[in-house]
Amino acid sequence: MVDRYLDPLSVVLPRDPRHPEIGRKLWLQTSPEFGMKRLMAAGGEAIYQITRAFRAGEAGKLHNPEFTIVEWYRRDDSMADGMQLLSDLAESLLELGPAERLSYAEAFELHAGVNPHRAGTAEFAELARSRGISISESLSLGDCDGWLNLLLSHLVEPNLGQTHPTILFDYPASQAALAQVHGEPPLAERFELYVRGIELANGYHELRDPWVLRERNRQANSARIAEGKPSLPEESRLLAAMEHGLPDSTGVALGFDRLVMLAAGAASLGEVMPFLIDRA
Amino acid sequence: MASYNTSDFKKGLKVQIDGDPYLMVECNFVKPGKGNALYKCKLRNLVRNTMLERTLKGGDSLEAADVTEIAAQFLYRQQDMFVFMDNANYEQYELTKEQCDEAWKYLKEGMVCSMVLFNNKPISVNPPNHVVLKIEYCEPSMRGNTATNLTKPVKLETGAEIICPAFVEIGDMIKVDTRSGEYLERAKG
């Protein structure tokens, strides 16, 4: 999977210890998604994994380049089934009750007063200005997604999951990542869990068409190149597994460290992770 | 001029925006919707003392501000101009009453303050946390009244007015907390 905004860390596996610079370039996983989907294609029915994941350049109160991820897939689950499973898990772990479901459009209408699927960049820019969001001149948000993400972080997210967990679903098709897209306007079968304004998990009713994934990879790579980032390999064993046949399933990835943080009533990862990158 | 990239952003950084120096008091990395990385920063204008919220994109940069702190001795006041001297190199600096903000109330000749310079020009001054000042004028206290819950306004030798317990008299030396502007205790002359 080539993601426009996820930067993997690369490592070189030396063939000869005397020449460590010559070797095979590999990537540290940004999530265990690839391997787990290959397991699903090989007949997995309900699988989970708790593992380390790595993302370059992500550091802050809620981010660390190395973190623990919990990821699961269940065969034949629709998006509604996946949201129910996630809500049940959040309810039993955090004891804040079941999660309310709020569509991406409902959340924007409620907290920002705008339809995210119909409005354009000019409207988003005017809304940001009128709500006092000050951005640097160099912040060229360009497309709708850039503006939607800005508005999401400033106006919508702080309101989500405040009394009980909230699951946001039906994302714009342009933010589908690895989710299936349906309908008109086209919506991605993607959902995210929020607790106290913090994003805790991200799920997809999984894309199964390898040709759609190839096209998304191509688009993500051209966006990366336009932003001066290195392009990433587009072909993978996942694509081969998808050609062989990926069963219908819904999968979710959850940030384990954030879960611990929320369960402990802490406000930053530094309170629950002893050595963040700045003290590594 | 040096600049800071978003990956260098942290609390305490001094940066320049639209010609003014700012102190970064908060910086949060966010990645809403798995999209572009944003840095939500809270900055304090070191000249006006106002807060600014600013969102930047990963990879953006802010110009570094040439901000230094020196120990400066207060020399004298000339109407609304307050004159200081850098104790290290005897360089003199002038600040207006407005630039001194609350500090002018506590400035006494010879007092060593901490002064903030931006591009070698003074932008603010901070007196020591506790200063001893003489009461220039107040209403006389009523005989035998030593209760501390009764208060009255007094005028200090600097011209500033503060609230004191009712028992203090003209000519008393009192210790004042410059951060809160509160009377602390009577000091020995």
Side-chain angles (χ1 to χ4, degrees), chain A residues 3-7 30-31 55-64 104 116 128 132-158 168 171-172 174-178 188 190 192 197-199 202 223 227-229 253 268 277-278, chain B residues 1-67 118-119 123:
Chain A
D3 190 292
R4 180 173 167 189
Y5 299 114
L6 272 186
D7 296 315
T30 55
S31 83
R55 294 176 186 178
E58 301 194 0
K61 245 159 76 175
L62 299 173
H63 293 83
N64 195 51
Y104 192 88
I133 304 173
S134 154
I135 56 173
S136 66
E137 298 120 53
S138 61
L139 182 51
S140 58
L141 290 161
D143 55 9
C144 280
D145 288 326
W147 284 104
L148 286 172
N149 289 333
L150 179 82
L151 297 171
L152 182 73
S153 78
H154 282 80
L155 304 178
V156 181
E157 282 186 339
L168 209 60
Y171 277 66
S174 50
Q175 299 178 25
L178 284 171
R190 170 179 167 195
E192 293 208 345
I198 293 163
E199 188 241 308
N202 179 55
E227 283 161 12
K229 290 181 178 182
S268 68
I277 185 79
D278 53 359
Chain B
M1 190 77 189
S3 64
Y4 297 112
N5 188 275
T6 44
S7 55
D8 308 320
F9 282 11
K10 60 178 179 208
K11 246 192 260 185
L13 221 57
K14 284 154 189 149
V15 297
Q16 197 172 318
I17 301 172
D18 304 329
D20 272 353
Y22 285 84
L23 176 75
M24 193 170 283
V25 290
E26 214 180 297
C27 178
N28 288 316
F29 172 85
V30 294
K31 229 179 161 186
K34 305 261 175 294
N36 39 323
L38 298 174
Y39 291 78
K40 289 165 85 172
C41 302
K42 280 193 185 136
L43 303 133
R44 188 159 57 80
N45 185 313
L46 293 173
V47 176
R48 277 181 270 277
N49 225 5
T50 50
M51 292 298 292
L52 172 76
E53 287 191 26
R54 186 57 76 95
T55 300
L56 293 102
K57 190 171 62 170
D60 278 357
S61 57
L62 285 173
E63 216 176 300
D66 176 17
V67 173
F118 170 51
N119 293 337
I123 52 169

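Numbered from 1 within each chain, the chains take letters A, B, ... in sequence-line order.
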Colleague: Using every non-hydrogen atom in the two residues, find where A:I135 and B:R54 come nearest and quote the distance to one decimal.
Modeller: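 In terms of heavy atoms, the two residues are closest at C-CD, 3.6 Å.
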Colleague: Could you give the distance from CD1 (B:I17) to OG (A:S134), rounded to the nearest 0.5 Å?
Modeller: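 Interatomic distance, B:I17 CD1 to A:S134 OG, rounded to 0.5 Å: 7.5 Å.
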Colleague: Need one label for A:E58: side chain, backbone, both or neither, based on atoms under 4.5 Å from any heavy atom in chain B.
Modeller: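 Answer is both: backbone and side chain atoms of A:E58 are under 4.5 Å from chain B.
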Colleague: Among A:G132, A:A59, A:G57, who wins on heavy-atom pairs under 4.5 Å with chain B?
Modeller: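 Top option by heavy-atom pairs under 4.5 Å: A:A59.
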Colleague: Can you tell which part of A:D278 gets under 4.5 Å to a heavy atom of chain B, answering side chain, backbone, both or neither?
Modeller: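 No part of it gets close to chain B.
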Colleague: If I take atom CG from residue A:D143 and atom CG from residue B:N36, how far apart are they, to the nearest 0.5 angstrom?
Modeller: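 The CG atom of A:D143 sits 8.0 Å away from the CG atom of B:N36.
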Colleague: With sequence neighbours excluded, tell me which residues meet salt bridge (Lys or Arg N to Asp or Glu O under 4.0 Å) with B:K14.
Modeller: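 Testing B:K14 for salt bridge (Lys or Arg N to Asp or Glu O under 4.0 Å), a comparison that skips the adjacent residues, returns none.
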Colleague: Is B:Y39 close to chain A through its backbone or its side chain, or both, or neither, when contacts mean heavy atoms under 4.5 Å?
Modeller: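 Interface part for B:Y39: side chain.
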Colleague: With a 4.5 angstrom heavy-atom cut-off, is it the side chain or the backbone of A:L148 that approaches chain B, or both, or neither?
Modeller: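 For A:L148, no heavy atom lies under 4.5 Å from chain B.
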Colleague: Keeping B:K31 on the side-chain end and A:Y5 on the backbone end, is there a donor-acceptor pair under 3.5 Å?
Modeller: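 Indeed, once roles are kept as given, a pair shorter than 3.5 Å links the two residues.
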Colleague: Taking NZ in B:K11 as the centre, count heavy atoms belonging to other residues, nucleotides or ligands within less than 6.0 Å. Is the count above 12?
Modeller: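 Incorrect, the count does not exceed 12.
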Colleague: If you compare all heavy atoms of B:P32 against all heavy atoms of A:L152, which two are closest, and at what distance to 0.1 Å?
Modeller: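 Scanning both residues completely, I find the closest heavy atoms to be CB-CD2, 3.9 Å.
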Colleague: To the nearest 0.5 Å, what is the distance between NZ on B:K57 and CG on A:L150?
Modeller: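 One gets 11.5 Å once the value is rounded to the nearest 0.5 Å.
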Colleague: Going by the rule salt bridge (Lys or Arg N to Asp or Glu O under 4.0 Å), which residues pair with B:K42 if we only count those two or more places apart in sequence or in a different chain?
Modeller: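 B:K42: salt bridge (Lys or Arg N to Asp or Glu O under 4.0 Å) contacts with B:E26.
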Colleague: Of the listed residues (A:H154, A:E199, A:R190, A:E227), which shares the most heavy-atom pairs with chain B below a 4.5 Å separation?
Modeller: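 Sorted descending by pairs with chain B, the first entry is A:H154.
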